[in-house]
Amino acid sequence: MAIDIEAFSKNIARAVEEGGKALAAYMKPREDGRIKDTTAESVTDLVKTFGHVAEYWLSDPQRTVEMQTRLGKSYLDLWASAVHRLAGEDAPPVATPTASDKRFADPEWTSNQFFDFLKQAYLLSTDWATRLVDEAEGLEPRVKHKAEFYMRQFANAVAPSNFVLTNPELLRETLASNAENLVRGMKMLTEDIEAGHGNLRIRQSDSSMFEVGRNLAVTPGKVVFRNEIFELIQYAPTTEKVLKIPVVMVPPWINKYYVLDLTAEKSFIRWAVAQGLTVFVVSWVNPDAKLADKTFCDYMRDGIIKAVDVTRAITGEPQPHVIGYCVGGTLLAVALAYLAAKGEEPVKSATFFTAQTDFTHAGDLQVFVDEEQLAALEKDMNEKGYLEGSKMAAVFNLMRSNDLIWPYVINNYLKGKAPFPFDLLYWNSDSTRLPAANHAYYLRACYIENRLTRGDMEVGGVRIDLSRIKVPIYELATREDHIAPAKSVLLGSTFFGGDLTFVLAGSGHIAGVVNPPGKQKYQHWTGERPKAGESVEEWVARASEHPGSWWPHWVSWLRAQDGAEVEARAPGGEAYPPIEDAPGSYVKVKD
């Protein structure tokens, strides 16, 4: 490989210069006081957590020796294997990455002895460190969960694939381009820090290729109602006849609704309309400081309940079907129990997409929610009136850092290549703010105190009891969900009082839900209602597996509730004339 020393030297100097600009973009808002650096608090929590693990291993001399011996033996085995390979002998690897680990896909990670040694040393070290946490006895479950999460983040961050000199592909790229890749990468790093107003906002997609209302969220419809919390969209029919009972979809307010209306071929909303459903969708506002005092109860009364009331008024149907996705489903469950306690049953059925009602097994989000962290978060939110959407997006990205962070660090900032356009990742980065009062209550009542299924939650002066919900329920969990784990959704489903159909879909929180039938991807399982105390594995063992999307199964279930049809309905009505075309205004407001 021919290297132009002069060009290489100049580009290294340019890369350093661009790196200085990136550092300046990061430091300036902190020096100006626009950003309060919380790094010390995060490091303190990390050190405290790992301190509990270290205390277990170092408090007993025998355990300490065992810990050191285990790592030493692994390194000796690796060294012996490397010596055999250097001598030209066949030697099986001491450690191999999993088949799903894409970090070491380049052939040189195996063919080149230096990089192979480096790879195996990393795998042995991280396996040893992970076992230290796994085998530490006597830790509180929350502390152990934190330690597992922090160790995973640390292991992902120090992977040799993340550095130019220890990644064969990056090294080839850098030498072949005379370090031009690093110059481009540092420029993009500066741009991404500036776009995040002092925080790194990693670009995961080519944002210039997408626009809400142009090639995303383009299913025809009208905004038929608007208040300060949400817009209600009613979609135009595409069939002559529609089901008599309409459907109201409630997405999470943590993200924008159009994950259900991406491109035409991926749109759940467009597909549902094509099945002959009259579809209404809540589009939550992207709140600012003026909505700081909007509570969980406000979002229930002036959000979900109001959306249902408007739908009833427009269609004349007293009981629409309702769907709640993620935290939208949590709020929907609270709303239905609230209304049931008041003797009201204003819906025909309820569908929940990856929605938790019990938070015992709430996954890695629990790492970020304890009394100390919530107190710091509340202080930050009270100063602004809201939680910045980018902070919540960063948390979600950390939960899958080997998919949503490090591949883009390598591609963008080390290879110097812009990411490909990807609609789902564009949506993922199009974050929303969260009102202070609502978000603080949700985190405390659900994640910290788990009041909902304990019967301790009181909203609007009414004690919430999920067993009062008697309407038929369709409960969807996804098997690889990292936000609403399947075992959490399954446990929560056992608290409802009515008939329940439980379905488990393949893949995760988004891909498992947004899985059009035409793609023939993943699979789903159907079976009897989960039993109290049953695990996901036990339920799957007695369930039936089906190839492809769960969407047709759901619409068949919906029709089974009431299959009567009427003439197709145009959006709006005399009491609620259309305000503007879908997707409306709220969804276009940026963080």
Side-chain angles (χ1 to χ4, degrees), residues 38-39 41-59 63 67 98 125-158 254 326-327 330 354-378 391-406 439-440 442-454 477-492 508-509 533 535-537:
T38 58
T39 304
E41 297 169 6
S42 301
V43 171
T44 299
D45 188 62
L46 186 147
V47 171
K48 187 188 300 183
T49 301
F50 281 146
H52 290 294
V53 178
E55 183 181 359
Y56 170 78
W57 289 102
L58 298 177
S59 61
R63 279 202 296 261
M67 170 184 67
T98 62
S125 300
T126 53
D127 177 68
W128 173 80
T130 301
R131 290 178 64 182
L132 289 186
V133 176
D134 291 344
E135 297 174 13
E137 299 175 1
L139 297 182
E140 293 181 15
R142 185 178 288 274
V143 171
K144 191 163 191 174
H145 190 178
K146 272 189 178 185
E148 290 169 346
F149 180 83
Y150 288 149
M151 186 62 76
R152 187 163 65 248
Q153 299 311 313
F154 180 75
N156 292 346
V158 301
I254 291 174
C326 188
V327 66
T330 305
T354 61
Q356 298 177 97
T357 50
D358 186 280
F359 290 78
T360 304
H361 309 297
D364 286 340
L365 277 175
Q366 288 179 313
V367 170
F368 301 93
V369 188
D370 57 27
E371 288 293 350
E372 290 181 5
Q373 293 183 84
L374 183 55
L377 187 63
E378 286 176 330
K391 291 190 176 181
M392 200 69 202
V395 168
F396 288 139
N397 287 341
L398 273 175
M399 291 167 67
R400 291 179 55 206
S401 58
N402 265 353
D403 294 320
L404 297 176
I405 294 179
W406 296 112
H439 195 54
Y442 168 64
L443 293 179
R444 181 172 298 282
C446 294
Y447 277 90
I448 292 181
E449 299 176 0
N450 197 19
R451 296 182 202 165
L452 185 49
T453 53
R454 292 211 323 249
T478 54
R479 195 162 195 177
E480 299 169 21
D481 200 327
H482 60 289
I483 295 173
K487 64 179 180 179
S488 181
V489 175
L490 184 144
L491 175 59
H509 194 72
S535 70
V536 173
E537 292 72 24

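Note that the numbering runs from 1 along the sequence shown for the chain.
The side-chain contact (heavy atoms from CB on, under 4.5 Å) check on N402 picks up R103, N156, W406, with sequence neighbours excluded.
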Exercise. Which is it for F154 and L46 under the side chain to side chain contact (heavy atoms under 4.5 Å, CB included) test, yes or no, and what are the steps along the way?
Worked result: CA-CA 10 Å; F154 180 75; L46 186 147; over 6 Å; no
Problem set entry | M67 and L58: CA distance, side-chain angles, deciding distance, side chain to side chain contact (heavy atoms under 4.5 Å, CB included) verdict | CA-CA 9 Å; M67 170 184 67; L58 298 177; 4.0 Å; yes
For this session: Go through the steps for K144 and E137 under the test salt bridge (Lys or Arg N to Asp or Glu O under 4.0 Å), then give the verdict.
Result: CA-CA 9 Å; K144 191 163 191 174; E137 299 175 1; over 6 Å; no
Exercise. Given the rule in the side chain to side chain contact (heavy atoms under 4.5 Å, CB included) test, do Q373 and V369 qualify, once you have shown the distances and angles that lead to the verdict?
Worked result: CA-CA 6 Å; Q373 293 183 84; V369 188; over 6 Å; no
For this session: Show your reasoning for whether side chain to side chain contact (heavy atoms under 4.5 Å, CB included) applies to L365 and F396.
Result: CA-CA 8 Å; L365 277 175; F396 288 139; 4.0 Å; yes
Exercise. Going through the distances and angles, do E449 and R451 end up as a salt bridge (Lys or Arg N to Asp or Glu O under 4.0 Å)?
Worked result: CA-CA 5 Å; E449 299 176 0; R451 296 182 202 165; 2.5 Å; yes
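Smallest separation of non-hydrogen atoms from M392 and I254: CG-CG2, 3.9 Å. For V536 against A486, the heavy-atom pair with the smallest separation is CG2-C, 3.7 Å. For the residue pair S488 and D358, the shortest heavy atom distance occurs at OG-O, 2.9 Å. The shortest heavy-atom contact between C446 and T330 is SG-CG2, 4.3 Å. Smallest separation of non-hydrogen atoms from A155 and T126: CB-CG2, 3.6 Å. The minimum heavy-atom distance linking E135 with Y56 is given by the pair O-CE2, 3.6 Å.
For the atom pair OH of Y447 and CZ of F368, the computed distance is 11.5 Å after rounding to the nearest 0.5 Å. Taken from CD in E371 to CD1 in I448, the straight-line distance is 4.5 Å, to the nearest 0.5 Å. The line from NE2 of H509 to CD1 of I483 is 4.5 Å long, rounded to the nearest 0.5 Å. With rounding to the nearest 0.5 Å, the separation of CG in L491 from OG1 in T357 is 7.5 Å. Residue L374 holds its CG atom at 4.0 Å from CD of E378, rounded to the nearest 0.5 Å. Note that NE2 of H361 and CG of N450 are 9.5 Å apart. Values are rounded to the nearest 0.5 Å.
Between Q356 and C326 the shortest side-chain heavy-atom distance does not fall below 4.5 Å.
With hydrogens and angles disregarded, no donor-acceptor distance shorter than 3.5 Å links the side chain of W57 to the backbone of R63.
Across Q153, K146, H145, E148, a single residue satisfies side-chain contact (heavy atoms from CB on, under 4.5 Å) together with D364, and that is H145.
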